[in-house]
Each structure stands twice: as structure tokens, then as C-alpha cells.
There are 2 protein chains.
Amino acid sequence: MSLPTPGKPVRGSKSGNHLMALFDLLGRSWSMGIIWRLHEGSCTFRVLQDRCESISPTTLNKRLKELTQSFLIARTVDGYTLTDKGREIFLLLKPLESWARDWAKEFESNE
Amino acid sequence: MSLPTPGKPVRGSKSGNHLMALFDLLGRSWSMGIIWRLHEGSCTFRVLQDRCESISPTTLNKRLKELTQSFLIARTVDGYTLTDKGREIFLLLKPLESWARDWAKEFESNE
DNA sequence: TAGCTTTGCTACTCAAAATGTAGCAAAAAT
DNA sequence: ATTTTTGCTACATTTTGAGTAGCAAAGCTA
């Protein structure tokens, strides 16, 4: 499979830039959502699918493979977990949560 | 145009969750890349297109409209700028940069 | 001020990615 | 042993993004 690997950039970026490779990985549908949901606790494919509500099994499968090969998640006997790296990324994404709440106010006052 | 608005979620997410709306917005191709490049300084469409190297004008145009309507960027007489909100998001994304460098080491040692 | 260039797009066509649904083999439950 | 659940995969369709071409408006140039 062709993956976003640092130094081997993806989707048109010829920069060889690790950050852009990360943006590409996280910038695919459900990537960040999956990391977010997995942080609630390790779980099976099925349970993760339920947590993500509307994700299709095809996409979930694809994202899981990519994220696994990118060392953000790992398979265990009973499903999928965040790796240490995955938990680090989660912590970097976490501040977006409260930011998004404030952001919503812009929409409320401008609509 | 149909946009990711908090409370009016997008791409299958029926949660009404602001964070997921944000994930959806940022999780489109080039969204984070554009924010990153715009932080180098306000610029015109053309210059931004050059900074992003391989982005197509169609996609750049679409992303710019979305990000503008989401209050992350704004138009000025001489192009596009990050808004205060946009600069806030940039600051939240910034830690990913050094993280991505460490991440790259995983790939080097496992390939 | 007439022509030439650059800018900021839009309209198209085509390729890639994501969705939706069906279904199937393996494991687990009954 | 049979049924159910799990973890996918295959396939068809829709949506998204890329890759041109080109055009109207602004700016520069002679």
C-alpha cells in the first residue's frame, strides 16, 4: 500500500517535509476522528465503527491500516489501541476541543 | 455553498459536535497546509498557489472559500490573511511540526 | 491609450477517494 | 451443531480533487 511516509511525500507535495506528510495523513477523512475515539479506550473494529457512527467499514479499514503503518495505532488481541505516538498526537489535538467551542460562537453571532 | 458549520455537521457526522465539524474542515485536502503557508504572511491567490506548490486552482479556490466562511481567513485588498481565529489555529497546529520530526525517526528505524 | 501581461479566478474533463450495501469466512456464543 | 457476531473484502455509485484551458478585470508598457 502507498502510505504517507515522512520523506516520501504524498498527494502532490514534493517537499519531502515531515509536517506535510503528517498533514496529509491527518487530513484524510476520519483520521483525527478515529484517533479521538480510540482515546476513549482500546476496542474492536466493530465498536470503533459504532463510536464513529457514520463511518463506512471500507474507510475505517483503510484508515486503520494507514494509521497502523504510521505507528499511531496498533493491533492487539482484542482490537485496536493508540500507541505512545498516537497518544502524543491526541494530546496535541486536544486543545482543539475547547477552541472549537469558542469558534462556534462566531457562527452563532454571524448567522 | 455547503460548509462545515458547528452544530450543522458534515460528511456523515450527525453528532452536532463542534470538534467534529472542525476535524471535518481541517481534514480536507490542503486545509492545514493553507493555514500553515498563510502564516508566512498575507498574500495573493497566485503567491499562495506557488507556496503550496502542487495545489490546483480549483481546490485552492474551494478551500479559500470554506476557510473564509469559517472565519479562519479573510480577504483584503491585496489578497488573503489569517484572521485572529486563524492565527489561533495555527498556534495549536504548530506543535505538530517538531512532533513530526520525531515521528520521522520511527520510519527511519523501521524501514 | 492601445496592446501585452499578470492575476484571480471558472468551466470543463478525468482520476482518485469515500460511501453504501452485500456478503463471506472465522471466531464466539448458545 | 447451529446461530450470531465480528472483521473484514468486493463491487457499484457518489463525491472530492487534479489538470488542463481559458476568460474577464486590473496593471504595466510603449
Side-chain angles (χ1 to χ4, degrees), chain A residues 1-5 8-15 20-21 23-38 41-70 73-81, chain B residues 1-5 8-15 20-21 23-38 41-70 73-81:
Chain A
M1 204 208 314
S2 168
L3 271 185
T5 57
K8 194 187 186 186
V10 275
R11 264 225 281 253
S13 166
K14 294 194 179 73
S15 59
M20 293 307 142
F23 280 173
D24 184 80
L25 177 65
L26 296 181
R28 292 174 184 180
S29 75
W30 286 105
S31 286
M32 293 187 282
I34 288 169
I35 291 168
W36 195 265
R37 266 55 172 261
L38 253 191
S42 306
C43 64
T44 63
F45 186 96
R46 184 55 59 111
V47 170
L48 191 51
Q49 197 177 358
D50 290 345
R51 283 187 192 164
C52 293
E53 300 215 352
S54 64
I55 196 172
S56 69
T58 359
T59 305
L60 180 56
N61 190 255
K62 210 174 163 197
R63 278 310 84 87
L64 286 174
K65 281 181 181 167
E66 292 170 0
L67 293 169
T68 300
Q69 293 190 44
S70 302
I73 69 177
R75 297 213 57 171
T76 64
V77 276
D78 40 40
Y80 296 90
T81 348
Chain B
M1 207 212 309
S2 167
L3 272 186
T5 57
K8 192 186 188 186
V10 275
R11 265 226 281 251
S13 165
K14 294 196 178 68
S15 61
M20 292 306 140
F23 280 173
D24 184 79
L25 177 65
L26 296 181
R28 291 173 182 179
S29 75
W30 287 104
S31 286
M32 293 187 285
I34 288 169
I35 292 168
W36 194 264
R37 265 57 173 260
L38 253 191
S42 307
C43 64
T44 63
F45 186 96
R46 184 57 59 113
V47 170
L48 190 52
Q49 198 179 356
D50 290 345
R51 285 187 192 165
C52 293
E53 300 215 354
S54 64
I55 196 172
S56 68
T58 1
T59 305
L60 179 56
N61 190 256
K62 209 175 164 196
R63 278 310 85 85
L64 285 173
K65 280 182 181 167
E66 291 169 1
L67 293 168
T68 300
Q69 292 190 47
S70 303
I73 70 178
R75 297 212 57 173
T76 65
V77 275
D78 39 40
Y80 296 89
T81 348

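Proteins get letters first, then strands, A, B, ... in listed order; numbering begins at 1 in each. Hydrogens, waters and symmetry mates play no part in the numbers below; they use all other heavy atoms, side chains included.
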Rounded to whole angstrom units, what separation is found between the [atom1] atom of [X] and the [atom2] atom of [N]?
X       : N      : atom1 : atom2 : result
B:Phe23 : C:dA18 : CZ    : C1'   : 19 Å
B:Arg75 : C:dT7  : CZ    : P     : 14 Å
A:Gln49 : C:dA18 : CD    : P     : 16 Å
A:Leu64 : D:dC8  : CG    : C1'   : 11 Å
A:Trp30 : C:dA17 : CH2   : C1'   : 16 Å
A:Lys62 : D:dA10 : NZ    : C1'   : 14 Å

B:Thr76 and B:Ser42: CA distance, side-chain angles, deciding distance, side-chain contact (heavy atoms from CB on, under 4.5 Å) verdict: CA-CA 9 Å; B:Thr76 65; B:Ser42 307; 5.7 Å; no
Closest non-hydrogen atom pair between A:Gly33 and B:Met20, with its separation: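 Closest approach of A:Gly33 to B:Met20, heavy atoms only: CA-SD, 4.5 Å.
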Closest approach of B:Ser31 to B:Arg63 (non-hydrogen atoms, all atoms of both residues):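 B:Ser31 and B:Arg63 have their closest heavy atoms at OG-CD, 3.3 Å.
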Under-4.0 Å side-chain N/O to phosphate OP1/OP2 contact, A:Tyr80 with D:dT6: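 Result: no.
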Phosphate-side-chain proximity, B:Asn61 and C:dG8, N/O vs OP1/OP2 below 4.0 Å: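 No, B:Asn61 has no side-chain N/O under 4.0 Å of OP1/OP2 on C:dG8.
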5'-most by nearest nucleotide on DNA chain D - A:Val47 or B:Leu60: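 Nearest nucleotide further toward 5': that of A:Val47.
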Along DNA chain D (nearest heavy atom to each residue), the more 5'-positioned of A:Asp78 and B:Thr59: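 It is A:Asp78, whose closest nucleotide lies nearer the 5' terminus.
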Hey, what are the protein-to-nucleotides 20-24 of chain C N/O distances that come in under 3.5 Å?
{"residue": "C:dG20", "atom": "O6", "partner": "A:Thr58", "partner atom": "OG1", "Å": "3.2"}

Minimum-distance nucleotide (side-chain atoms of [X] versus [options]):
X       : options                : result
A:Arg63 : D:dC8, D:dG17, C:dA18  : C:dA18
B:Lys65 : D:dA18, C:dT19, C:dT10 : C:dT10
A:Phe45 : D:dG7, C:dG8, D:dG17   : D:dG7

Heavy-atom side-chain proximity of B:Leu26 to B:Ile35 below 4.5 angstrom: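 Yes; the side chains approach each other to less than 4.5 Å.
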Check: A:Trp30 and A:Arg37 side chains under 4.5 Å, non-hydrogen atoms: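 Of all side-chain heavy-atom pairs linking A:Trp30 with A:Arg37, at least one is under 4.5 Å.
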Short N-O contact, B:Asp24 and B:Arg28, less than 4.0 angstrom: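 A salt bridge links B:Asp24 with B:Arg28.
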Mutual orientation of the aromatic rings belonging to A:Trp36 and B:Phe23 [parallel < 30°, tilted 30-60°, perpendicular > 60°]: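 Plane angle over 60°, so perpendicular.
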